[in-house]
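Residue numbers begin at 1 in each chain, while the letters A, B, ... track the order of the sequences.
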Amino acid sequence: MDQERERSWTLRPHVSRKVPLIFGGLLGLGTMIFLVGLRMDPLRSWQAYLINFLFWGGIAQGGVVFGAMYHVVGGKWGPPIRRCAEGMVAFLPVNFVLFFPLYYALNMFYGSVREINPVRGAWFDPRFIFVRGGLGLGLMTVLSLFFVYYSLRPEVGWLQEQKLRPRHWLYEWITDGWQGQELEAQHCQRGLDVLSAGVLVVYPITYTFMAFDLIMSLDPFWYSSLFGGYFFISTFYLGLAGLALVCVLIRWQLGPSVVTSTQLSDLGRLLLGFNLTYFAMIWSQYIVIWYGNLPEETQFIILRLWEMPWAVFSWSVFILSTFVPFLIFLSQKAKREPKIVFAVSISVGLGLWLERYVLIVPSVWHSEVIPLGWIEIGVTAGFLGAAVLSYLFFLKNFPVLPFVSPIPSSADLDKQHAEESPAKVRLAR
Amino acid sequence: MEIKRRDFLKILGVSGVTAAVSGCSSETSRTLIPYLIPENEVVPGQATWYATVCRECPAGCGILAKTMEGRAVKVEGNPDHPVNQGRLCARGQASLQGLYNPDRIRQPLRRGADGNLQPVSWDEAERILAGRISELKGQGDRLAFITPVMAGSLDRLIDLWLKSVGGGKRLRYEPLSYESLREANRIAFGVQEIPVYNLQNANFILSFGADFLETWLSPVEYARHFALRRAYRAGSMGRSVYVGPRISLTGANSDEWIPVQPGNESFLALGMVNAILAEGLAEGLPAPELKGLQDIVAPHTPEAVAKQVGISADKIRVLARAFVKKHPSVALADAKSSNATDICVAVNLLNYVAGNVGATVRFGAEAAMAQVSSYGSFQKHLREIEQGAISILFVAGVNPLFNLPEGKRLRERLGKIPFVVSFSSFPDETTESAQLVLPENTFFESWGDYEPWTGIRGLQQPVMEPLYDTRALGDILLLLSTRLQNNEKLPWKNFYFYLRDQWKELYRRIKPDVDFETFWTESVRRGGNFQSVATKSVQLNPEVFKKSFQPPVFAGAGDGFALIPYPTLAFYDGRMANRPWLQELPDPVSQIVWENWLEIHPSDAEKLGIKKNDLLQIQSPAGEIKLPARISKNVRPGIVAIPVGQGHSAFGRYAQGRGASPMSLLSAEPEADSGALIWYGTRVAVRQTGLKHMLASTSGNDRSHDRGIVQTISLAALQSGIEKKEHPHLLRMYAEHHHDKHRWGMVIDLNACVGCSACVVACSAENNIPIMGKEEVAYGREMSWIRIQRYDEGTDERPDHHFIPMLCQNCDNAPCEPVCPVYATYHNPEGLNAQVYNRCVGTRYCSNNCPYKVRRFNWHTAQWPEPLNLQLNPNVTVREMGVMEKCTFCVQRIRGAELAAKEENRDLRDGEIVPACSQTCPTRAIVFGDLHDPESEVAKLAKNPRGYHVLEHLNTQPAITYLKKIKAGPVEG
Amino acid sequence: MAQLTYHQVDSDILRAMQAPGWRYYTLLSIDLIVVAWGIFAWRYTVQHGLGVWGLTHPVMWAMDITNFVFWVGIAHSGTLISAILYLFRVRWRASIYRTAEAVTVFALFTAGLFPIIHLGRPWVFHWLLPYSQFGGLWVNFRSPLVWDVFAVMTYMIISVLFFFTGLVPDMAVVRNRTSGWRQKIYAFMAQGWQGTDRQWRHYKAAYVFLAALATPLVISVHSVVSWDFAQSVVAGWHSTIFAPYFVAGAIHSGLAMVITLLIPLRRIYRLDAYITQQHLENLAKLIILTGLIVGYAYAVETYIAWYSNNVPEWQRFTYQVTGEYAIPFWIMILFNSLVPLLFFVKRIRTSTPWLFAIAILINIGMWMERFVIIVTGLAHEYDPYSWGVFIPTWVDISITLGAFAWFFLWFLLFIKFLPVISIVEVKEELPPPTRSQNGEE
Amino acid sequence: MAKNKVADSLTGLVGTFFHLDSLLQAIEQLRQAGYRDLQSFSPVPHHNIDATLEKPPSPVRYFTLAGCLLGAATGLTLTIATSLHYPLITGGKPIVSIPPFLVIVFELTILFGGLLTLGGMLFNSRLPKVNIGPAYNPRFSEDQFGLWVRCEQKDHETVTTLLKSAGAEEIIPAGQGREL
């Protein structure tokens with residue numbers, strides 16, 4: 001058994017030295033461009049910053065939430081996929097740090113709102129937004145980290161026992177107070193149960209407020225009660241797309257035995273499902289606003305959907321992140337085909353980046369020229385760099401194939417309990 | 001759908017004809033002259049209009065009656081009549097429900113042995129009556145005849161007839177009389193008259209309790225004047241202040257309300273005179289007069305008055321200055337307290353020193369009301385009755401047993417009269433104690449004339465055959481005299497010929513350059529003959545200088561509340577209480593229907609621990625009644641107010657047993673100087689009964705909760721010149737839709753709307769709107785398509801009532817339309833929000849989605865007890881149970897006009913189409929027309945800077961533009 | 001312990017279909033009386049007009065539409081369990097989905113009545129159906145009420161198909177075990193099923209696709225129902241969150257109803273072997289989820305009411321919380337979003353009495369939710385002059401009770417005439433008989 | 001029994017099994033022996049049966065697809081055509097207001113899809129059937145498996161032995177037994 005574990009431990013994508021360099025470069029470049037941009041056109045650079053902050057943070061968070069969900073429903077179909085998802089946690093602390101600079105942007109964004117809508121002024125005092133946003137994100141990050149921590153601990157513990165790896169502060173920290181496999185299995189089990197629930201409960205709330213505070217309120221009049229729900233669904237969808245992308249890459253690295261076609265197609269089915277959910281969220285808002293025809297609601301929508309130039313963006317969002325994936329994933333075969341899955345996740349990601357763009361920019365940007373150029377690209381590149389680096393860091397240090405698993409989730413335990421129940425009706429295997 | 005509806009109407013029309021064929025015989029109908037000459041008389045489905053005179057109150061407005069298939073279906077004001085100029089009040093609109101009242105007396109009745117009234121034939125009835133009269137054997141003065149003020153041929157005929165039976169006592173009785181005013185005019189100016197008031201020229205109207213928007217003298221006329229002068233023109237508008245113990249509708253429409261204890265008005269007026277003279281503002285007064293006046297008002301310095309009346313001396317001075325500076329102004333007095341004459345005299349002096357007499361107060365053309373016989377003389381006759389000096393009493397057109405105080409004692413007294421004859425058309429308190437009832441025609445069925453002001457002679461022609469076996473009073477008397485062989489004295493075949501003769505004399509007097517027939521025909525067609533009368537100038541009557549001014553005195557315990565009974569907009573003195581439309585018409589200020597109440601100030605209510613709807617016992621030396629409480633700041637502390645008109649014991653199903661009449665609480669003692677009945681002379685004790693009695697109000701909430709439904713603008717802001725705010729350009733969710741030919745729209749000027757509610761009744765009459773009764777209305781199920789919403793925007797100290805007529809806004813983006821699953825409501829090409837009754841399945845979603853809540857649902861099958869159904873407008877569907885209904889700008893009238901235009905192949909003229917509400921509005925607040933036609937009045941008004949849409953933020957794009965009410969604030973001077 | 005055999009499964013499940021005892025008949029007759037009373041109340045309405053209800057201007061919808069929304073909602077959990085869980089290959093659905101689906105079908109039978117009952121002129125209800133009327137006038141496809149017609153009709157048809165498709169193999173079982181006229185009926189329902197490989201193949205395929213269609217359908221249906229309100233401009237109705245919020249609420253109430261029915265069912269017919277504590281616990285877990293979503297919706301609604309800065313919206317909210325309908329409102333908050341949180345405690349979600357009690361409370365809470373949303377929205381609309389209050393009359397209440405009785409009537413009949421648990425799917429969960437097993441025996 | 005009239009040299013044999021594995025074994029043996037026209041009876045579906053019989057996937061999916069497309073088309077034409085045929089403006093919304101219509105389209109898509117799915121299933125599995133053929137044994141619905149083999153008279157022995165060897169409890173001839 002140990003050999004088997006050892007095999008899966010060694011089975012890690014070996015990333016060529018160049019890759020970190022390239023993305024490090026991107027990060028540096030992005031930072032530079034951002035700083036320059038701040039001098040030249042602060043508003044523009046800040047809005048680019050906000051877009052990417054929401055986008056990359058969204059991918060990471062979405063991934064972790066997937067992991068938590070996988071645990072809660074007691075999924076069995078793809079340990080590596082679960083681990084790939086957990087890996088995204090690596091970017092969350094970075095993202096949390098990246099939230100602080102926004103403090104300087106908020107004043108710029110909300111000055112006008114406070115003038116037009118004094119009633120809500122106090123609520124939009126940047127300091128207040130900053131504090132509540134910070135607390136939410138902080139909590140979210142901590143929960144996510146500990147969730148993954150409990151998932152990794154047994155394996156790292158085993159590694160330490162086997163002395164397969166030079167001592168390392170990270171491992172030391174993770175396996176602090178190690179009490180041996182069996183005990184730990186139980187202990188981590190409980191931890192996972194609690195934290196996964198925690199993640200799943202806190203996530204919607206935090207992201208609802210992110211949506212209300214950082215996007216919806218940029219427009220002083222518009223409001224939509226579903227917007228929060230819409231945003232956390234969209235973010236989760238984004239996370240899934242990111243996950244699919246990573247999985248395909250891993251598969252290409254380590255071969256189809258690690259990430260099987262079946263697992264891909266299951267992932268694909270999930271994507272399809274959330275594609276529909278995401279669309280339902282858009283539709284539920286659109287039809288209501290269309291029908292009600294109340295100016296305070298319609299203006300926001302019309303401006304983005306029917307007025308140039310924003311219409312272009314909105315419709316490409318629709319095509320890239322909703323329509324195309326739907327058509328493609330209708331077919332069973334497509335879902336099993338790595339290349340196609342890869343392409344689709346790219347398209348979804350692109351679409352959702354534009355989505356955040358078109359949600360934010362028209363509210364704060366009031367000049368003729370469309371703010372889409374080197375600043376935006378630069379800032380995006382920077383975030384990309386940061387995200388990839390942190391993910392590589394995770395891959396480097398932790399096994400892609402969770403080998404001290406399947407950790408039986410409490411759901412399974414229940415099922416075992418069910419097996420003992422008088423009737424031998426066998427439930428979920 | 002339109003097609004279908006018209007087919008349906010044809011059928012209705014036919015059935016109408018068959019109904020009308022029932023007896024179109026006599027000469028009268030041949031001698032009728034329609035207002036608009038049609039080719040031939042009765043055409044199925046085509047209206048014929050007849051001019052006549054409204055006799056529901058002494059104002060004597062001219063009306064046009066619309067008859068279809070021989071039955072009157074709608075009345076409108078007669079545009080040629082100088083008093084109302086084409087407009088009518090709520091009572092006038094409801095007059096048809098007198099004609100078609102299901103409780104009308106349908107044939108002569110006599111009191112049988114068992115004490116009940118039994119039908120008799122006219123012949124029999126005349127025989128009995130003739131017998132009784134001949135028993136008098138020339139002692140004609142044992143016969144008394146009570147009528148209202150008639151001011152016309154019939155009045156003279158009655159006198160003649162009385163003479164023919166050897167004289168007799170004649171009483172012209174009006175519950176709302178102006179005896180003290182008449183007397184005061186004698187004292188002040190030596191003319192025992194009631195002058196003409198030209199409110200439309202008055203820059204400042206100071207009303208001492210005169211409710212000229214509801215009942216005072218000539219409400220329709222004065223409402224028009226008031227609105228005309230209130231209109232904002234060239235940077236200014238007329239101002240008005242109301243002095244009185246409670247806020248009437250008139251008070252609610254004034255800039256200021258100065259609450260005073262009843263009876264103290266005189267001192268306020270004198271204080272003002274004093275101030276005016278002191279400040280030397282009175283110009284052109286001859287020295288002796290000035291001297292005399294100064295002597296009279298000397299004791300009444302503003303300071304002294306301030307103490308008496310309880311308002312600051314400065315305020316009195318400000319009012320005084322304003323009253324003179326805003327020349328011409330006018331002060332009106334409707335005094336009802338024990339010192340009523342004093343008050344009127346004081347007010348006369350005020351007008352005199354301000355130079356209003358001859359300007360806004362004109363003697364010369366006197367009001368018919370001046371002919372009223374005083375309540376004092378009435379009392380005298382009652383005493384005679386007690387001594388048995390009267391053996392026959394004729395009562396026609398009045399109901400003293402309801403209106404006079406001490407009803408019980410009165411009934412006993414009448415009981416002493418061997419033979420009481422009532423000519424009433426309805427069973428009422430008086431017919432209850434009559435031996436013989438000879439039902440009179442309603443004025444719609446009889447000839448007559450009425451001269452409300454000298455020179456203004458309205459000619460009243462019957463617009464249809466009598467519904468029942470009833471007769472005109474004139475005819476009855478003439479037939480009677482035939483029986484009594486008095487023909488040589490009264491040689492006329494019937495009243496119609498007498499009337500013609502009377503007009504022959506008039507013809508001789510005014511000598512128009514046409515022959516009599518043309519003159520007559522023209523007068524009948526136009527509804528009368530109208531001459532202006534020269535103003536005669538008056539001087540102060542020396543007698544006035546000897547006048548001493550008394551404080552008011554009250555009967556009843558000193559700690560009681562001063563009782564204020566007040567006639568109401570809907571019921572006048574109570575004679576209208578049997579009209580279901582008026583019963584269901586919310587009182588504009590209280591929004592209460594079907595009953596009356598006792599109004600008490602919150603502070604007093606708190607003292608007595610009275611809560612809303614507590615049933616209270618109100619007691620005075622003369623009697624006691626029970627009424628539910630309405631707690632309101634509309635009355636000043638220390639007084640209680642009760643509307644008059646309800647509390648009938650016998651007046652048909654709609655009036656009987658509703659509320660109570662405060663008149664029975666008053667003391668019978670007439671006022672010393674004028675002999676008038678003292679209305680405000682009683683203190684009452686108010687006690688809890690521990691019971692509750694729910695009043696039915698149509699108002700869901702009195703406040704508008706910052707919804708901006710009634711919007712106002714300050715006079716200052718208007719003077720500083722505002723621009724109509726252009727809305728920020730809105731991005732449209734869907735393309736604008738176009739109205740190819742017309743876009744019907746409406747403008748409602750909230751500054752002109754006084755809340756008189758005439759439009760509401762007019763709408764009910766035009767659109768066959770059923771009445772629901774108290775319980776249903778209490779639950780919010782009234783059916784009115786247009787309603788006068790009253791919002792109290794005032795402070796805790798002082799209410800501030802705003803009125804807004806709310807009807808279907810016929811929105812461009814009507815939220816009600818798209819939600820209907822069956823297209824029962826849709827937007828028609830002329831911009832109407834059409835409602836197809838036959839298509840409606842009754843999901844009621846449209847009403848839920850209507851922000852203005854102007855859609856009405858037929859909860860039950862509507863009831864029109866015979867013969868009310870004869871009034872139904874054949875051009876409008878009667879809606880079935882379970883369907884939604886609403887205002888469509890009187891689409892039947894629009895179609896009618898369009899058809900007419902088509903036949904004459906011409907375009908529609910602006911103002912050709914007039915919905916019922918707009919047609920009757922006495923203040924012309926409602927204007928309807930085509931918004932597409934830039935020349936139309938409505939299109940021009942819609943551009944007014946005061947214009948706004950209700951609930952604009954919902955983007956419903958209503959067809960109705962409201963013009964903001966102008967808040968002028970307190971008068972300055 | 002011995003494995004369940006195929007044979008035993010048949011006999012256990014068919015036991016429920018044996019001739020009923022006096023308890024059953026008493027229950028049935030009481031139920032019938034209530035149904036009859038409800039029908040009388042409706043007849044009375046038709047005769048005297050909707051005025052006999054508590055409806056008024058401005059509250060033109062109240063208990064009628066509340067019942068409609070409530071019952072459509074009840075239907076949803078059935079489809080969730082039978083279709084959605086099927087797609088997610090959740091095995092434990094096997095032994096409860098038949099009942100759940102029956103609930104769906106019967107709830108729809110009940111809900112379907114109200115669009116007709118609530119009409120002012122029910123005798124022309126057919127004008128709501130899409131056919132050419134009055135020379136080419138159809139229905140107004142822009143009206144949410146017409147969407148309702150389509151959504152509910154479709155949902156009803158698909159559910160019935162799904163229900164009977166699932167029944168076919170079981171009907172074959174029953175057919176083979178009965179005789180006489182009963183057999184004829186079941187034979188008809190079995191459509192001549194023989195369980196050949198070909199039949200099974202197409203059957204399974206069809207079943208998957210029906211499930212795949214039912215899933216988006218079920219979501220769309222309650223979205224459409226929610227849009228009856230959300231599409232209006234009524235403050236408190238016009239809200240974008242309504243669609244997901246109603247769907248979650250629907251499933252919330254539906255699950256509660258399923259629990260309410262399953263608990264007595266397994267007790268009376270001794271089906272604990274098939275409907276285990278585990279099933280109920282899983283349902284309870286789902287309820288936690290839906291409860292949380294519903295709670296989230298309440299919170300967001302409140303936040304937006306404040307945030308929107310919209311006077312009528314906020315005043316309506318304060319009215320809802322403090323006005324005439326405050327009690328129903330707080331019941332709704334308590335029963336729908338707080339009480340279900342108790343299920344986080346394992347001891348509670350595994351105790352039958354607790355489950356039953358809380359399920360009942362949720363049923364009440366969800367009915368109240370619909371009532372509160374509908375009535376408070378209308379009672380205090382834009383024009384304060386036209387504010388009003390709805391007070392239910394005996395007719396309102398009778399019709400509501402009648403509807404409940406009507407639903408239970410169907411369910412009672414179902415118990416006796418159809419297998420309450422899918423025989424075939426339970427067998428599928430068992431290991432097929434093989435020689436090896438026999439070896440052991 | 002119309003089909004029985006067709007006197008045919010071909011007949012069939014039905015073997016009854018108590019165990020799934022025996023059934024599968026029988027299928028394999030027969031297929032090796034070249035008897036490809038087999039027909040199994042079972043109380044529950046089992047993927048192994050299909051696997052061993054090597055049956056193609058069910059074509060029902062195409063019915064579903066067709067139904068959905070048909071439904072969508074119907075929905076679009078119904079809504080748009082009727083609105084244009086009797087154009088009434090409501091609430092200022094366009095005569096052809098797509099968003100609301102899409103709701104109808106969606107519902108009809110599902111409805112038709114569902115109907116055709118069911119139709120497809122009935123059609124493909126030759127249901128409904130009026131009467132059950134002799135090959136069928138009521139216990140097939142309970143706990144036994146059956147296998148019908150199409151073979152000529154002369155092959156009866158061979159087939160019988162094959163079935164026996166696989167563990168068939170009883171073997172009866174069932175003429176044109178194919179799920180008649």
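For B:T956, no part lies under 4.5 angstrom from a heavy atom of chain C. Heavy atoms of C:I391 lying under 4.5 Å from chain B belong to its backbone as well as its side chain. Interface residue B:P851: backbone and side-chain heavy atoms are both found under 4.5 Å from chain C. Neither the backbone nor the side chain of C:V149 has a heavy atom closer than 4.5 Å to any heavy atom of chain B. With a 4.5 Å cut-off on non-hydrogen atoms, B:R707 touches chain C through its side chain but not through its backbone. At a 4.5 Å heavy-atom cutoff, the contact between B:E880 and chain C is made by side-chain atoms alone. With a threshold of 4.5 angstrom between heavy atoms, B:C850 approaches chain C through N, CA, C or O but not through any side-chain atom. Heavy-atom distances place no part of B:T861 under 4.5 Å from chain C, backbone and side chain included. Residue contact with chain B, scored on non-hydrogen atoms closer than 4.5 Å, involves the side chain of C:D64 exclusively. Only the side chain of C:W123 comes within contact range of chain B, with heavy atoms under 4.5 Å apart. Within the 4.5 angstrom heavy-atom criterion, only backbone atoms of B:R703 (N, CA, C, O) approach chain C. For a residue to count as touching a neighbouring chain, one of its non-hydrogen atoms must lie under 4.5 Å from one of that chain's; by this rule B:E817 touches chain C with the backbone only.
Between B:R732 and B:Q957 the shortest heavy-atom distance is NH2-OE1, 3.5 Å.
Side-chain atoms of C:P392 and C:F390, non-hydrogen and from C-beta on, do get closer than 4.5 Å to each other.
Counted by atom type alone, B:E793 and B:S704 present one or more donor-acceptor pairs between their side chains at under 3.5 Å. Side-chain contact of B:T888 with B:N833: a donor-acceptor pair under 3.5 Å is absent, judged by distance alone.
Of the listed residues (B:Y845, B:F857, B:Y852), the one with the most heavy-atom contacts under 4.5 Å to chain C is B:Y845. Between chain B and the options C:P115, C:A235, C:G54, C:G377, the largest number of non-hydrogen pairs under 4.5 Å is found for C:G54. Annotation: maximal heavy-atom pairing with chain C below 4.5 Å, among B:N858, B:V883, B:V854, occurs at B:V883. Contact tally against chain B (heavy-atom pairs below 4.5 Å) for C:F125, C:W387, C:W138: the top residue is C:W387. The choice from C:G120, C:P122, C:S386 that makes the most heavy-atom pairs within less than 4.5 Å of chain B is C:G120. Between chain B and the options C:H380, C:E381, C:Q231, the largest number of non-hydrogen pairs under 4.5 Å is found for C:E381. Per-residue counts of heavy-atom pairs under 4.5 Å with chain C were compared for B:V822, B:D706, B:T843; the largest is that of B:T843. Most heavy-atom pairs under 4.5 Å with chain C, from the set B:V841, B:V950, B:L954, B:T698: that is B:V841. Interface check for chain C: of the options B:R781, B:R787, B:R855, the most heavy-atom pairs under 4.5 Å are formed by B:R781.
Ring centers of C:F317 and C:W314: under 6.0 Å apart, within the cut-off. Between C:W237 and C:W61, the ring center distance clears the sub-6.0 Å criterion. Here C:H76 and C:H222 bring their ring centres to under 6.0 angstrom of each other. Between B:Y823 and B:Y826, the distance separating the two ring centers is not shorter than 6.0 angstrom. Taking the six-membered ring for Trp, C:F109 and C:W406 have ring centres at least 6.0 Å apart. The aromatic ring centroids of C:W53 and C:Y44 lie 6.0 Å or more from each other.
Listed for the C:Y245 side chain is no donor-acceptor partner under 3.5 Å among the backbone atoms of C:E301.
Using cut-offs of 30° and 60° on the angle between ring planes, the pair C:W394 and C:F40 is parallel. Between C:W127 and C:F134, the angle of the ring planes goes over 60°, which puts this pair in the perpendicular group of the 30/60° scheme.
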